[in-house]
Amino acid sequence: MNKELKILGIVAAFTLVLYWGVEPFAHSQMHKHVESNALVYDGKADIEEAEAKKDEALVAKKKKFWSEVTEIAKLKGDATAGEATFGMCAGCHMDGATNMGGVTPPSLDHAGAIYDKNFLIALIKDPAMATNVDHKYPNGTMSHPMGSISSMVSTPQDIANVVAYLKEKKAGEVTPKEAFTEACGRCHANRYAKMTQLGEIPKTKSNIKTGQDIDRMKYDQKVATEQGALADYLGKLPPDLSIIIRARSEHFFETFIENPQGQLAGTAMPRTGLNHEGMDKVKEFLEETGDPSAPARAIAGPWVIGFFILFTILAYLWKNSLWRDLH
């Protein structure tokens, strides 16, 4: 009995060391650890990055921009006035929008629910600065695909009004799939969910005579065109997100979305600006589509453990029965 317990203890100790020691250490070496800012968009990370570059002009620019965002956030917005102003945005930000400058404008149906208030203010004020990709626009962020908005929504009160409208009227109940589609789906495919940058892959049928699925071929051509425009704009095609959390860890996923530059300096991926609800919804969708069998495993887990406990007891009793007369 003592011998068996010693062997069990050694195996358990090595298993725990591997699980809680070696594996986390390996992950920490593969991906640098980046501290989260708890989805608070106050420019802290952006200013620190500028300071690390020892670019005093850029530091001053970032500080000024985010201080102005903070001041606008203190204003009381008028949702009614904001609705009228938002009408100028609806021409681009709608379902079925076409690609503009390399990327398709997102639907804002749930913008008030999934995006942070400060981020929305910053986005309207200067989209390149808000998303922390101003390094892509050395000649001025007006060349950003959304840069022209500043000429239509120019005053701090106008910005506060639009954000008030989004928070009041565009903040209904959002599903995980809707959150993913609006925040990520324009650039990232999800093959496990059967989604491309154009949305869900439609169900089509092959022609009986030719055996060819012409409709699917036309759809694939549209997807290829969209992906080509994305690749030209961003420098490369954004990766499929089917198993991003399983492949990179939840912490990496959250901090990368919060501030892509923190994990990959110089990347063309913009900050997404998700708030806690938006982040939770997107994660829920990716966890569900990336590992759909997880709930079934969770249910089966206690039964498997129970089986091993029962098997261990029976094996021990059987061993004692066989060796009783030999000890």
Side-chain angles (χ1 to χ4, degrees), residues 37 39-53 55-75 77 81-82 85-93 97 100-106 108 111-112 114-167 170 182-183 186-187 233-235 257-262 265-275 278:
N37 202 36
L39 301 180
V40 174
Y41 302 97
D42 55 6
K44 177 183 175 182
D46 305 27
I47 294 168
E48 289 177 350
E49 289 162 11
E51 289 174 339
K53 296 176 182 177
D55 187 334
E56 294 183 5
L58 183 60
V59 171
K61 184 179 179 181
K62 297 274 187 179
K63 286 183 176 180
K64 181 175 183 294
F65 175 78
W66 285 103
S67 67
E68 291 173 350
V69 169
T70 302
E71 291 305 310
I72 295 173
K74 296 176 183 177
L75 298 176
T85 307
F86 181 78
M88 295 185 289
C89 310
C92 296
H93 294 282
M100 297 177 63
V103 66
T104 300
L108 299 178
I114 65 175
Y115 298 118
D116 177 77
K117 177 183 175 180
N118 276 20
F119 175 76
L120 289 172
I121 292 171
L123 191 66
I124 296 173
K125 185 172 175 57
D126 188 325
M129 287 283 282
T131 54
N132 205 13
V133 292
D134 48 295
H135 59 277
K136 284 191 61 181
Y137 305 95
N139 297 321
T141 56
M142 278 299 292
S143 57
H144 186 280
M146 189 182 149
S148 59
I149 188 72
S150 60
S151 63
M152 297 185 291
V153 190
S154 56
T155 70
Q157 190 61 56
D158 284 340
I159 295 174
N161 292 344
V162 171
V163 173
Y165 169 71
L166 292 173
K167 285 294 181 181
K170 297 289 186 179
E182 293 181 22
R186 298 168 297 117
C187 297
Y233 173 60
L234 296 173
I257 284 186
E258 182 182 61
N259 182 31
Q261 301 300 326
T267 181
M269 176 175 164
R271 169 185 287 125
T272 309
L274 290 174
N275 59 18

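Because the structure is predicted, anything quoted here is derived from the model rather than measured.
- Looking at residues two or more places apart in sequence or on another chain, you find a side-chain contact (heavy atoms from CB on, under 4.5 Å) between Pro127 and Leu123, His144, Met146.
- Contacts of Lys64 classified as salt bridge (charged side-chain N to carboxylate O under 4.0 Å, His left out), with partners at least two apart in sequence or in another chain: Glu68.
- The two residues Leu120 and Ala111 have their closest heavy-atom pair at CD1-O, 4.1 Å.
- Scanning for ring pair (Phe, Tyr, Trp, His ring centres under 6.0 Å) contacts around Phe65 gives an empty result, with sequence neighbours left out.
- Partners of Asp55 according to the side-chain hydrogen bond (donor to acceptor under 3.5 Å, both in side chains) rule, which considers only residues two or more places apart in sequence or in another chain, do not exist here.
- One distance of note links CG of Asp42 with CD1 of Ile47; it measures 7.5 Å at 0.5 Å rounding.
- Judged as a side-chain hydrogen bond (donor to acceptor under 3.5 Å, both in side chains), and not counting sequence neighbours, Thr85 has no contacts.
- Contacts classified as side-chain hydrogen bond (donor to acceptor under 3.5 Å, both in side chains) and involving residues 114-124 (residues at least two apart or in different chains) are not found.
- Listed by chain and number, the residues in a side-chain hydrogen bond (donor to acceptor under 3.5 Å, both in side chains) with Gln157 are Asn161 (sequence neighbours excluded).
- To the nearest 0.5 Å, atom CD of residue Glu49 and atom CG of residue Leu58 are 9.5 Å apart.
- In this view, Ala268 and Lys136, Leu234 satisfy the side-chain contact (heavy atoms from CB on, under 4.5 Å) rule, not counting sequence neighbours.
- Scanning both residues, Pro260 and Pro270, for their nearest heavy atoms gives CG-O, 3.6 Å.
- Surrounding NZ of Lys63 are at most 12 heavy atoms belonging to other residues, nucleotides or ligands under 6.0 Å away.
- Looking at residues two or more places apart in sequence or on another chain, you find a salt bridge (charged side-chain N to carboxylate O under 4.0 Å, His left out) between Arg271 and Asp46.
- Taking OG1 of Thr155 as the reference point, atom NZ of Lys125 lies at 10.0 Å (rounded to 0.5 Å).
- Put simply, CD1 on Ile121 and CG on Asp126 are 14.0 Å apart, with the number rounded to the nearest 0.5 Å.
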Self-check item: Evaluation steps, side-chain contact (heavy atoms from CB on, under 4.5 Å), between Leu274 and Ile257
Solution: CA-CA 8 Å; Leu274 290 174; Ile257 284 186; 4.0 Å; yes

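- Looking at Glu182, its side chain never comes within 3.5 Å of a backbone N or O of Leu108 through a donor-acceptor pair.
- The CD1 atom of Ile124 sits 10.5 Å away from the CZ atom of Phe119 when rounded to the nearest 0.5 Å.
- Taking Glu71 as the reference, Lys74 meet the salt bridge (charged side-chain N to carboxylate O under 4.0 Å, His left out) condition, with sequence neighbours excluded.
- Listed by chain and residue number, Met129 satisfy the side-chain contact (heavy atoms from CB on, under 4.5 Å) test with Lys61 (two or more places apart in sequence, or in another chain).
- Evaluation of the side-chain hydrogen bond (donor to acceptor under 3.5 Å, both in side chains) rule for Glu258 yields no partner, not counting sequence neighbours.
- Taking all atoms of both residues into account, the shortest heavy-atom contact from Ile114 to Ala183 is CD1-CB, 4.5 Å.
- In this structure, Met269 and Gln261 approach most closely via the heavy-atom pair O-NE2, 4.2 Å.
- Asn275 places none of its side-chain heavy atoms less than 4.5 Å from the side chain of Leu39.
- Within 6.0 Å of CE in Met88 there are more than 12 heavy atoms belonging to other residues, nucleotides or ligands.
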